[in-house]
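Every number for a ligand or one of its atoms is a count from 1 in the order of the listing. Keep in mind that this is a model prediction, so the values were computed, not measured.
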Amino acid sequence: MWVATIMRQEHTDVLVIGGGTAGFAAALAAARQGVEVTLLEASSKVGGVMAFCPGMPWGGGYPQDQIIGGILEELTRRLEAMSPPAAFKRTCTLDNFGPEILYDHDIATLTMFEMLEEAGVRCLLGATALEPEMAHNTIQSLTCCDRRGLFRVVPRIVIDCSGDGDISAKAGVPFQLGDSSGNMMAVTISFHMSGVDCAAAFADPDPYFEAYAAKGIAEGRLHPDLAKLYLMEGFHPSTVFCNSVHIRGVNGTDPLDVTRATQEGRRRCHQLAQFLRSDVPGFEKAFMTNLSPTTGVRETRKLQGVYRLTGGDLARGTKFADGIVACDNPVDDVMRADSDMSHDAALQQGDFYTIPFRCLLPEQIENLMFAGRILSADPMAFASVRGMPQCMAMGQAAGIAAWLCIAANTPVQQVPFEKLVAILSAQGVNRLAQSADKRIAALAH
Ligand SMILES: Cc1cc2nc3c(=O)[nH]c(=O)nc-3n(C[C@H](O)[C@H](O)[C@H](O)COP(=O)(O)OP(=O)(O)OC[C@H]3O[C@@H](n4cnc5c(N)ncnc54)[C@H](O)[C@@H]3O)c2cc1C
């Protein structure tokens with residue numbers, strides 16, 4: 001019988017699991033404070049969903065048209081300052097969404113990795129965290145693997161930015177998978193069409209191309225779930241980003257389900273590309289590029305934190321005393337098993353809410369935080385907070401908090417939130433404590 005052997009053991013101050021937008025910012029923020037940071041990323045690239053759906057705009061970065069600031073702003077400015085510019089801001093074509101940032105995907109992921117290198121983060125690509133070893137209320141070590149075999153990491157603080165929260169769940173953090181019935185938002189395979197005559201393609205202002213889609217479905221050439229073809233101009237001239245092929249009923253934590261959805265999604269993308277070429281003006285000479293390397297998963301586990309953000313908090317425009325990022329994104333719900341797409345406004349026009357730091361804290365485990373799309377939120381709040389800018393900002397807050405815990409040798413539940421918020425504000429994160437709703441100053445510690 002083969003018995004797996006632990007090949008090596010490593011120590012680190014902060015272990016960040018997952019190099020998506022949340023993990024990138026968590027690792028960067030912590031390392032810049034001078035602590036030792038190891039970032040494990042299971043795939044071959046940083047970015048997470050951003051890398052799995054290349055070219056997807058950063059949405060939600062400008063609540064009420066003011067940038068959220070912090071690491072998102074720094075990255076954007078760095079890309080904008082390049083020659084030629086590798087990012088720009090534009091208006092989103094959908095109702096209720098604020099402006100979005102479009103960027104060159106390859107330059108953006110390269111730059112993110114460079115920023116991690118500059119900060120001294122030890123990045124391990126192709127490395128997966130497998131199993132936490134617990135001692136009372138702390139994660140003592142994690143068994144991980146890369147192509148050389150198993151290894152153990154002994155961290156002081158763990159920040160789970162894995163999107164799915166496998167490690168937090170194994171460590172005993174309660175969670176909700178999808179909505180109250182277990183339905184998760186659809187997963188998506190994206191692609192670009194290159195060589196498009198964009199003036200002709202976008203002559204009709206309908207961003208969903210519904211009249212064309214209806215014809216394709218009626219003729220049996222497009223899957224019925226393609227009734228709304230969400231097409232938008234890509235970063236590079238003559239390219240169109242297709243965020244249209246959604247597969248329902250997929251459990252993003254089940255590798256077999258994800259494999260099936262990936263292949264089925266690619267098939268539907270190919271059909272859609274052929275349809276665009278033959279039926280939609282402007283696409284006559286276009287061809288498919290940048291097909292997703294795997295499915296983009298919107299929603300799996302929502303972990304239970306010290307606080308659970310609710311749709312009611314959003315509707316009231318709540319500005320928490322421990323708020324770490326502003327947001328005004330609509331409730332962007334995409335094709336659960338029993339419903340279609342919606343992006344209804346989450347709150348009154350002209351207002352915004354903030355995401356409280358307590359949504360990143362487990363109730364029991366003293367050296368674990370989570371950031372990004374696994375935060376503690378109800379399904380309605382989740383559908384609004386999940387944009388990449390907000391995930392980056394959550395990561396930034398968790399990274400700073402990890403340093404505060406190490407410096408004071410305290411559990412994560414005792415992070416002084418006033419200090420955290422003050423540091424984030426000093427780092428350029430906009431609209432935090434000064435906008436906090438005084439009625440909601442009673443915090444859980
Ligand atoms: C199809 C789609 C369209 C979207 N459209 C937009 C949009 O237009 N604009 C916008 O702003 N947002 C959009 N979103 C939302 C946004 O992309 C995500 O919510 C956000 O990227 C999540 O970031 P994250 O860092 O929390 O997680 P992820 O991006 O999921 O990153 C998690 C990372 O962790 C890694 N990982 C997982 N488990 C482990 C492990 N055990 N060990 C090591 N690594 C691990 C994964 O490989 C991955 O790289 C969209 C999402 C999807 C799926």
Worksheet item: With backbone taken as N, CA, C and O and side chain as the heavy atoms from C-beta onward, which portion of Ala51 lies under 4.0 Å from ligand 1: side chain, backbone, both, or neither?
Response: neither

Practice prompt. Specify the protein heavy atom at minimum distance from atom 42 (N) of ligand 1: its residue, its atom name, and the distance to 0.1 Å.
Written response: Ala129 N, 3.0 Å

Worksheet entry | Shortest protein heavy-atom distance from atom 5 (N) of ligand 1, along with the residue and atom involved | Met56 SD, 3.1 Å

Item to complete: I would like to know whether Glu133 and Ser141 meet side chain to side chain donor-acceptor pair (under 3.5 Å); could you show each step before the answer?
Response: CA-CA 5 Å; Glu133 289 87 39; Ser141 64; 2.4 Å; yes

Fill in: Verdict with supporting geometry, Glu10 and Arg122, salt bridge (Lys or Arg N to Asp or Glu O under 4.0 Å)
CA-CA 12 Å; Glu10 302 172 0; Arg122 188 159 171 275; 2.9 Å; yes

Worksheet, complete the sentence: Closest heavy-atom approach to atom 37 (C) of ligand 1 among Gly60, Gly165, Ser162, Gly296 is made by Ser162

Practice prompt. For ligand 1, note which part of Val297 has a heavy atom under 4.0 Å away: side chain, backbone, both or neither.
Written response: backbone

Worksheet item: Would Arg298 and Thr188 count as a side chain to side chain donor-acceptor pair (under 3.5 Å) if you check the C-alpha gap in whole Å, the side-chain angles of each, and the deciding distance to 0.1 Å?
Response: CA-CA 8 Å; Arg298 288 184 174 80; Thr188 295; 2.7 Å; yes

Discussion item. Under a 4.0 angstrom heavy-atom cut-off, which atoms of ligand 1 come close to Thr128?
Written reply: 40 (C), 41 (N), 42 (N), 43 (C)

Worksheet item: Do any N/O atoms on Thr21 end up under 3.5 angstrom from N/O atoms on ligand 1?
Response: yes

Worksheet item: What do we get for Cys391 next to ligand 1 when only non-hydrogen atoms under 4.0 Å count, side chain, backbone, both or neither?
Response: side chain

Discussion item. Run the salt bridge (Lys or Arg N to Asp or Glu O under 4.0 Å) test on Arg301 and Asp160 for me, step by step, so that the C-alpha distance in whole Å, both residues' side-chain angles and the decisive distance to 0.1 Å come before the verdict.
Written reply: CA-CA 12 Å; Arg301 292 189 183 94; Asp160 187 343; over 6 Å; no

Discussion item. With a 4.5 Å cut-off on side-chain heavy atoms, are Thr239 and Met193 touching?
Written reply: no

Worksheet item: Should you measure from each heavy atom of Gly48, which atoms of ligand 1 turn up under 4.0 Å away?
Response: 29 (O), 31 (O), 48 (C), 49 (O)

Worksheet item: For ligand 1, is Cys144 a contact, meaning one of its heavy atoms is under 4.0 Å away?
Response: no

Discussion item. Tell me if the aromatic rings of Phe88 and Tyr103 count as close, with their centers under 6.0 Å from one another.
Written reply: no

Worksheet item: So, do Thr93 and Tyr230 sit near enough that their side-chain heavy atoms are less than 4.5 Å apart?
Response: yes

Worksheet item: Taking the six-membered ring for Trp, are Tyr307 and Phe320 ring centroids under 6.0 Å apart?
Response: yes

Discussion item. Just so I know, are the side chains of Phe357 and Val306 near enough to count as touching, which here means a heavy-atom distance under 4.5 Å?
Written reply: no

Worksheet item: How far is atom 29 (O) of ligand 1 from its nearest protein heavy atom, and which residue and atom is that?
Response: Val49 N, 2.8 Å

Practice prompt. May I ask you to decide if the ring planes of Phe241 and His192 are parallel, tilted or perpendicular, using 30° and 60° as cut-offs?
Written response: tilted

Item to complete: Under the side-chain contact (heavy atoms from CB on, under 4.5 Å) rule, collect the residues that match up with Pro379, sequence neighbours excluded.
Response: Gln176, Asp179, Lys302, Arg308, Arg336

Item to complete: Show which atoms of ligand 1 fall inside a sub-4.0 Å distance from at least one heavy-atom site of Gly20.
Response: 25 (O), 31 (O), 33 (C)

Fill in: Under 3.5 Å side-chain donor-acceptor pair for Asp164 and Thr300
yes

Fill in: Contact check, side chains of Cys327 and Tyr353, non-hydrogen atoms, under 4.5 Å
yes

Worksheet item: Is Met388 touching ligand 1 with its side chain, its backbone, both, or neither, if touching means heavy atoms under 4.0 Å apart?
Response: both

Discussion item. Does the residue Gly61 have a heavy-atom contact with ligand 1, meaning some pair of atoms that are separated by less than 4.0 Å?
Written reply: no

Response to the item:
Glu363 meets the salt bridge (charged side-chain N to carboxylate O under 4.0 Å, His left out) criterion, sequence neighbours left out, with none

Item to complete: Give the numbers and elements of all ligand 1 atoms closer than 4.0 Å to a heavy atom of Glu41.
Response: 33 (C), 34 (O), 35 (C), 44 (N), 46 (C), 47 (O), 48 (C), 49 (O)

Worksheet item: If you measure from each heavy atom of Asp164 to ligand 1, is any distance below 4.0 Å?
Response: no

Discussion item. Suppose we measure from atom 45 (C) of ligand 1 to each protein heavy atom; which comes out shortest, and what is that distance?
Written reply: Ala42 CB, 3.8 Å

Discussion item. Show me which atoms of ligand 1 lie under 4.0 Å from any heavy atom of Cys161.
Written reply: 32 (C), 33 (C), 34 (O)

Worksheet item: Nearest to atom 34 (O) of ligand 1, what protein heavy atom do you find, and at what distance?
Response: Gly18 CA, 3.2 Å

Practice prompt. Decide, yes or no, whether a salt bridge links Glu299 with Arg386 under the criterion of side-chain N to carboxylate O below 4.0 Å.
Written response: no

Practice prompt. Could you list which atoms of ligand 1 come closer than 4.0 Å to a heavy atom of Ala22?
Written response: 25 (O), 26 (O)

Discussion item. With a 4.0 Å cut-off on heavy atoms, is Ile167 in contact with ligand 1?
Written reply: no

Item to complete: Measure Ser190 to ligand 1 on non-hydrogen atoms and call it side chain, backbone, both or neither using the 4.0 Å cut-off.
Response: neither

Worksheet item: For atom 8 (O) of ligand 1, which candidate among Cys92, Ala26, Pro57, Gly59 provides the closest heavy atom?
Response: Pro57

Discussion item. Please list, in number order, the atoms of ligand 1 under 4.0 Å from a heavy atom of Gly372.
Written reply: 26 (O)

Worksheet item: Heavy-atom distance to atom 14 (N) of ligand 1: which of Met394, Arg386, Arg373, Gln390 wins?
Response: Arg386

Item to complete: Run the numbers for me: atoms of ligand 1, each under 4.0 Å from some heavy atom of Pro389, listed by number.
Response: 11 (O)

